[in-house]
Amino acid sequence: MSLPGPFSDTALVEPRLRTEVPGPRSRALHEQRLRVVPRGVGSVLPVYIEHADGPWVTDVDGNRFLDLGSGIGVTTIGHTNRAAVNAATAQLDRVTHTLFTVTPYEGYVRLAEQLAARTPGDHEKRTMFANSGAEAVENAVKIARRHTGRRAVAALDHAFHGRTTLALAMNHKAVPYGAGFGPFAPDVHRVPNSYPYRDGLSGADAAARTIAYLEQRIGADDLAAVISEPIQGEGGFVVSAPGYLPALQEWCTQHGVVFIADEIQTGLGRTGTWFASEHFDLVPDLVLTAKGIAAGLPLAGVTGRAEIMDAPDPGGLGGTFGGNPVSIAAALAVFEELGDGDYFEDAVRIGAHLGTRLRELSARHPVVGDVRGIGAMQAFELSSPGTTQPLPGAASAIAEFAAQRGILLLTAGSDGNVIRFLPTLTTTDAQLDVAIDVIDAALRTLG
Ligand SMILES: *Cc1c(COP(=O)(O)O)cnc(C)c1O
């Protein structure tokens, strides 16, 4: 178990605001930042963080926020988790970099073993490491193409796979990710997903629709890979209808198409299991990891069937910083922490508590049209009452209201009308209640 840091005390329930939000020091830093950082790099809430611990982030004005976003699902086992920090610190003292493709080191192998053991399926697996989720996506596409000798790739509506130019072609949302950044990579297609709240389709019917698109618009003979997030992250925590993903994977298997699960947001304990694929009985050919894998240090992985992963020739995969030893040391600590199972129980507890409280809100506030998610990945979608029409502006108004009360919330959804929760798994029910009460108050102001 992790050692407690100064603010890991679960008795600490309330945020603490010492100034307005953002405070004077954050505002001053923000002015300086705008002179040297392009505006294209935005910040959801420009409070400048000085330290972080457990579910708390404290800014340079001494304001302490309850962070229900975990840096978009990265600090899953808590900010500055001691086990990860200690492992990374010890590694820093030994070796910071050699480049695995020049002279290798043991940690890379040990972490690949962990991923082989923990990702779904007991087939033989290989793992390569990169620096970011988008890089994992890019490598997965390279590997699938090399293995199949086919060119096309299909992603789903409402998908998000990153910010490199190949990933931009795969994303659903043009603004702000893709607009003006084209031309985009060819042979990348988007096909309909399963979105039960909006399309009302069963898993089987939604899968039949997706497969019809794949067959009509691409054809299996040209299709290298289908990539899917088990639960769509930026798309608004869309959970597909039961049976949808297994049917899609089965079609892929029948046609020699590589099925890639982008578990970058859903993986590593977030949903109460090692990987969200487990909830859908999926055994993906390739599994992508990043975000939560190294407790905040940059690292990403592509794990998959040995025969697919071994398709590229020696030298075909790599990158200077990929599998950095310090990140790897932190990741090994993450696997050890998650391995004891307590965190999975916490993810289930958080999911049950948030789900119950959010459904209560939905019963009292007709704009809360849908509540969904698995484990510590919960969301609600805001719609015009009695319809599934997205309610514009409400989600960001709620997030702003909450920020003014020390609660850090993230929005999501292709229409920006979803509030998503990605709390650290150290977050207590009492802390969640503080946030839900604030959201309740925000919803009352919306009328
Ligand atoms: C965040 C994310 C990515 C991109 O990861 P980066 O590390 O930002 O490149 C890809 N896929 C999913 C599902 C994500 O949530």
Side-chain angles (χ1 to χ4, degrees), residues 40-44 69-76 119 128-142 144 153-173 176-178 181 185 188 190 193 225-240 245 259-271 275-277 279-280 282 284 286-304 319 321-324 327 330-331 334 373-379 410-414 418 420-422:
V41 182
S43 289
V44 171
S70 310
I72 315 198
V74 169
T75 55
T76 308
T119 49
M128 66 154 292
F129 295 107
N131 304 295
S132 69
E135 248 192 279
V137 170
E138 297 249 353
N139 278 286
V141 170
K142 280 168 61 177
V153 178
L156 299 177
D157 282 347
H158 303 290
F160 178 81
H161 296 294
R163 291 171 180 275
T164 56
T165 54
L166 174 60
L168 294 182
M170 302 163 97
N171 294 343
H172 179 92
K173 210 172 168 180
Y177 306 125
F181 295 138
V188 178
R190 257 191 329 275
N193 68 340
V226 170
I227 183 167
S228 166
E229 302 154 82
I231 301 171
Q232 292 186 312
E234 307 304 297
F237 289 12
V238 181
V239 184
S240 55
L245 287 170
F259 184 81
I260 305 170
D262 179 345
E263 291 252 17
I264 289 167
Q265 199 161 143
T266 53
L268 283 315
R270 173 54 56 190
T271 66
F275 292 94
S277 288
H279 299 293
F280 304 96
L282 293 176
L286 302 181
V287 175
L288 311 185
T289 46
K291 292 202 160 86
I293 194 172
L297 293 179
L299 186 70
V302 183
T303 302
F321 289 120
N324 170 268
S327 298
V334 168
I374 300 179
M377 193 171 180
Q378 298 285 326
L410 297 176
T411 62
S414 300
V418 173
R420 61 172 151 173
F421 298 85
L422 289 165

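On a predicted model such as this, the values are computed, not experimentally measured, just so you know. Just so you know, ligand 1 is whichever comes first in the structure, and atom 1 is the first atom listed for that ligand.
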For residues 225-240, which side-chain donor-acceptor pairs fall under 3.5 Å, sequence neighbours excluded?
unit_1, atom_1, unit_2, atom_2, d
Glu229, OE1, Gly233, N, 2.9
Glu229, OE2, Phe160, N, 3.1
Gln232, OE1, Asn193, ND2, 2.9
Gln232, NE2, Asp157, O, 2.9
Glu234, OE1, Arg420, NH2, 3.0
Glu234, OE2, Gln265, NE2, 3.1
Glu234, OE2, Arg420, NH1, 2.9
Glu234, OE2, Arg420, NH2, 3.4

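Atom-to-atom distance recorded for Thr289:OG1 and Phe129:CZ is 7.0 Å, nearest 0.5 angstrom.
Scanning for side chain to side chain contact (heavy atoms under 4.5 Å, CB included) contacts around Val188 gives Leu166, Ala169, Met170, Ala185, with sequence neighbours left out. Qualifying side chain to side chain contact (heavy atoms under 4.5 Å, CB included) partners for Ala290, counting only residues two or more places apart in sequence or in other chains: Ile264, Ala300.
Closer than 4.0 angstrom to ligand 1 by heavy atom are Ser132, Gly133, Ala134, Phe160, His161, Gly162, Glu229, Asp262, Ile264, Gln265, Lys291, sorted by chain and number.
Distance alone, capped at 3.5 Å, places no donor-acceptor pair between the Thr75 side chain and the Gly296 backbone. Under the 3.5 Å distance criterion, the side-chain polar atoms of His279 are matched with a main-chain donor or acceptor of Thr271.
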